[in-house]
2 protein chains.
Amino acid sequence: MVRVKTVVQKCVTSSEKFALPDVVWAEELAKLSWALAHPARVRIVRLLLSRTSCMCGEIVEEMPLAQSTVSQHLKILKETGLVQGEIDGPRVCYCINKSAMTKLKKLIANL
Amino acid sequence: MVRVKTVVQKCVTSSEKFALPDVVWAEELAKLSWALAHPARVRIVRLLLSRTSCMCGEIVEEMPLAQSTVSQHLKILKETGLVQGEIDGPRVCYCINKSAMTKLKKLIANL
DNA sequence: CAATCATATCGTATATCGACGATAAACAAT
DNA sequence: ATTGTTTATCGTCGATATACGATATGATTG
């Protein structure tokens, strides 16, 4: 089932880069890409990037979607690590996870 | 249904950039991201990037998937424009569409 | 023309997505 | 405690993704 042929990539372009098996690498990028594979999630990410933080309710207001739907998208973004949510009283304050964002950008840039 | 609030973005960072409505922008990135939202497709793209071109059969050999499944992934990559296929006798020679690739990288980098 | 090779498409099964309304859960305030 | 506010979760439904084997298509070769 698992590819035996899989070997460490010789993709040493300059500095650190990835000494990860091709398959793992692909899965990581696929996961992060998938987080952005829906327009609503892209817009949420952009919205969060335009502010330092954002209450969940504000996000819902900006989107032409039901609150429950937005909540689901946020859940996905949290699961992939792109977004963090911090409970603040009865609300939740969402913000971008910068390191995950950086990772995504690197993975794409190094494609 | 469609967001009326949508307005042209003032995202003039340097050169051309996008004078596209937020929604359209999000859809473009979502589409391209979706193309990479599966490990098999990421690996296909990486494989094609590591060579200047690649016969379909070679791709199938590298993947732990049935030929028909690989063909479907290639179809998706073609539809999103990331990959081009050129018929070469009885085979098909696939290669990366550099401009689409550049576009994806820009969209991500400008996130 | 027949046979072969490479690739695409079809048909099908299963799983997951994406949307919604309804409801639950957590907290604040009265 | 009750009420109201905010967010998450549940249940459901239709649509789509993903995988495969079987079959069709298209080109080359004998």
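Values in this document were obtained by computation on a predicted structure and should not be read as measured data.
- By the rule that hydrophobic residues join a cluster once side-chain heavy atoms approach within less than 4.5 Å of another member, B:L49 and A:I108 end up as members of one cluster.
- No side-chain donor-acceptor contact under 3.5 Å links B:T69 to the backbone of B:L65.
- Each of B:T69 and A:R41 was assigned the nucleotide of DNA chain C with the nearest heavy atom; the assignment lying further toward the 5' end belongs to B:T69.
- The 5' end of DNA chain C is approached more closely, in terms of each residue's nearest nucleotide, by B:K75 than by the other of B:K75 and A:H38.
- Side-chain atoms of A:S71 do not come within 3.5 Å of backbone N or O of A:Q67 as any donor-acceptor pair.
- Applying a 4.0 Å cut-off to non-hydrogen atoms, the residues of residues 84-91 of chain B that approach DNA chain C are B:P90, B:R91, listed by residue number.
- Partners of B:E79 under the salt bridge (Lys or Arg N to Asp or Glu O under 4.0 Å) rule, at least two apart in sequence or in another chain, do not exist in this structure.
- In this structure, A:W34 shares a hydrophobic cluster with A:I76, the cluster being traced through Ile, Leu, Val, Met, Phe, Trp and Tyr side chains under 4.5 angstrom apart.
- Where DNA chain C meets chain B (any atom under 4.0 Å from a heavy atom), the bounding nucleotides read 5' to 3' are C:dA6 to C:dT9.
- A donor-acceptor pair under 3.5 Å is absent between the side-chain atoms of B:R41 and the main chain of B:L36, judged by distance alone.
- Protein chain B contacts DNA chain D from D:dA17 to D:dT28, reading 5' to 3' and using non-hydrogen atoms of the protein with a distance under 4.0 Å.
- The salt bridge (Lys or Arg N to Asp or Glu O under 4.0 Å) test applied to B:K103 returns B:E28, not counting sequence neighbours.
- Looking at B:R51, its side chain never comes within 3.5 Å of a backbone N or O of B:C95 through a donor-acceptor pair.
- Of the possible donor and acceptor atoms, none in the side chain of A:N97 sits under 3.5 Å from a partner among the backbone N and O of A:Q84.
- A side-chain donor-acceptor contact under 3.5 Å links B:T102 to the backbone of B:K98.
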